[in-house]
Amino acid sequence: MRVIRDATLADGRVRDVRIDDEEIDAVGVDLDGAETIDADERLLLPGALDVHVHFRQPGAGHKETWATGSRSAAAGGVTTVVDQPNTDPPTVTGDAYDGKEAYADDSLVDYGLNGGVTESWDPDSLFARPLFALGEVFLADSTGEMGIDADRFTDAVDRAAAAGVPVTVHAEDASLFDESVLPGSTEDASAEMDDPRAEATAREDADAWSAYRRAEAEIAAAERTVEVAADTDAQVHLAHTSTPEAVDIARDGGLTCEVTPHHLFRSRDDYDELGTFGRMNPPLRSESRRAALFERLVDGRVDVVATDHAPHTREEKDADVWNAPSGVPGVETMVPLLLAATRTTDLTVERVRTVTARNPAEVFGVAGKGRIAAGYDADLALYDTTDATEIDGDALHSKCGWTPFAGFEGVFPEWTMRRGELVWERDGEAFGNANGRNVRGDDR
Ligand SMILES: NC(=O)N[C@@H](CC(=O)O)C(=O)O
Ligand SMILES: [Zn+2]
Ligand SMILES: [Zn+2]
């Protein structure tokens, strides 16, 4: 058996962690073992579970593949990812689920696969598969145009409740988007009458995306989701909540919620730097809303941090604000950004551990993951918190080759272990094997 010697755990205790094949055998002091990995009192965290990624296969392997996405995860201390259904074909039938699982064979890290809802979904075959969750259920169109109406949403939540599967919701209400911001909107109609003022009304700056998909649209959709959930036994989770209001609505309404690193570390003030590379759904919010969201991360009101890792190529993103695709990468920089923030804010290492590992495993009932304790999977990552490096898109491993966090400090793992196997060693840039497993699969 192998022993990781003198590791500092998130709560500050220094312990040995003994590993028996794929599992943690014991956590203690002076443990015996045939082989020793010295931690030298560096920080050992449970491998993170990122419950919201878009790895793009099938259908858009030019943006990301399971091989590149899972490498990016491993290099960022993430040992489990959950893929979303807006691929091509969308994961809305049993066959589509099976097709995606064949791609996930290339994954270095463990994974879950969500099922989605469209007009043409097939709930019977879909719920016959081991779904991680039903979701993200799109209440408004995003990449993949899977927005559904109110009746289908209620029906989907009812079916998920009957199947005992949690539901995750992309909560934006498209009827509340501010269409006056759009080119060709009513103000702009005067263009047809040769009114010179028309030119001035069509916004082309990247911040127009935030003005268009305004906060009120998320807040209203979060309220509606609480109402729908209240009428059923369904377990409902709000994906990527971008406003403090939606976090509070989720808590008060008995839902769980997740926030993304980009909504925690970026705001509308950053569009000058990011341009359309900062376009995503839900969009960046005001600096005051960002700060209020961060406060809720620090004090425990946010349940989960997940990335909504949504890569698009540079060429695709380099378009005008109305035509650029929505989404930013993030799986590799989530834990590094949060750990770096523990050095400069009130965020504690324990909170980082809780929102990236313990809570996602608990909220979604992932057995054997999210903790460093005997009997749990040996999903681990080692960090030197005194060694922050500057984030650089070229040095990351996503196929998209860019990051919205360029220039930020990040504390990256020295190594990452997934079920006892080293899947990333920073010295030498070495990756392990594609032995990732479905966390809801039969071989668990
Ligand atoms: N968040 C995004 O802006 N984009 C996501 C879809 C989504 O999560 O809504 C994508 O798949 O590109
Ligand atoms: Zn979404
Ligand atoms: Zn998403």
Side-chain angles (χ1 to χ4, degrees), residues 50-66 69 81-92 100 112-118 132-148 153 167-174 177 206 209-210 212-213 217-218 221-222 225 236-243 246 250 257-264 266 271 274-285 304-314 316-317 319 321-331 334 360 398-400 402-404:
D50 184 351
V51 297
H52 196 135
V53 305
H54 299 266
F55 279 178
R56 303 304 192 200
Q57 283 180 307
H62 68 286
K63 297 177 196 270
E64 192 78 285
T65 64
W66 277 86
V81 295
V82 179
D83 194 62
Q84 305 301 313
N86 58 333
T87 40
D88 184 14
T91 321
V92 295
K100 178 172 285 188
L113 303 180
N114 280 359
V117 184
T118 58
F132 186 86
L134 185 72
E136 54 180 296
V137 176
F138 290 92
L139 300 189
D141 274 347
S142 187
T143 306
E145 285 163 12
M146 291 173 67
I148 55 166
F153 178 48
V167 185
T168 73
V169 181
H170 178 128
E172 287 186 283
D173 181 340
F177 292 168
W209 195 249
S210 290
Y212 171 53
R213 294 181 80 121
E218 175 177 275
T225 302
V236 181
H237 173 85
L238 288 188
H240 48 47
T241 44
S242 63
T243 59
C257 71
E258 84 201 15
V259 299
T260 70
H262 45 273
H263 294 119
L264 289 167
R266 289 297 205 176
Y271 278 123
L274 294 171
T276 53
F277 286 74
R279 184 184 133 164
M280 81 289 288
N281 303 324
L284 296 176
R285 304 300 185 191
V304 169
V305 175
T307 65
D308 195 13
H309 177 81
H312 300 282
T313 68
R314 282 177 194 273
E316 290 165 338
K317 289 294 270 186
V321 64
W322 304 114
N323 289 298
S326 296
V328 298
V331 70
M334 172 175 73
S398 165
K399 196 167 187 175
C400 74
W402 62 277
T403 169

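Each ligand, and each atom within it, is numbered from 1 in the order the structure gives.
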Inset, instruction - Non-hydrogen atoms closer than 4.0 Å to ligand 1: which protein residues do they belong to? List them by chain and number, please. - result: His52, His54, Arg56, Asn86, Glu136, Phe138, Ser142, Thr143, His170, His240, Met280, Asn281, Asp308, Ala310, His312, Ser326, Gly327

Legend entry - Thr91 side chain to Lys100 side chain, donor-acceptor N/O pair below 3.5 angstrom: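 Yes, a side-chain donor-acceptor pair sits under 3.5 Å.
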
Legend entry - By salt bridge (Lys or Arg N to Asp or Glu O under 4.0 Å) - contacts of Glu218 (at least two apart):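 Scan of Glu218 (salt bridge (Lys or Arg N to Asp or Glu O under 4.0 Å), adjacent residues dropped) gives none.
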
Legend entry - For Arg213, salt bridge (Lys or Arg N to Asp or Glu O under 4.0 Å) partners two or more places apart: Glu172

Inset, instruction - Compute the ring centroids of His309 and His52, then answer whether they are less than 6.0 Å apart. - result: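 That pair fails the under 6.0 Å test.
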
Inset, instruction - Answer yes if the ring centres of His170 and His240 are under 6.0 angstrom apart, and no otherwise. - result: yes

Inset, instruction - Anything protein N/O/S under 2.8 Å from the Zn ion (ligand 3)? Just list residue and atom, please. - result: His52 NE2, His54 NE2, Glu136 OE2, Asp308 OD1

Legend entry - Heavy-atom check, side chain of Leu134 versus side chain of Val117, under 4.5 Å: yes

[X] side-chain N/O to [Y] backbone N/O, donor-acceptor pair under 3.5 Å:
X	Y	answer
His263	Pro282	yes
Thr143	Ser326	yes
Thr241	Thr243	no

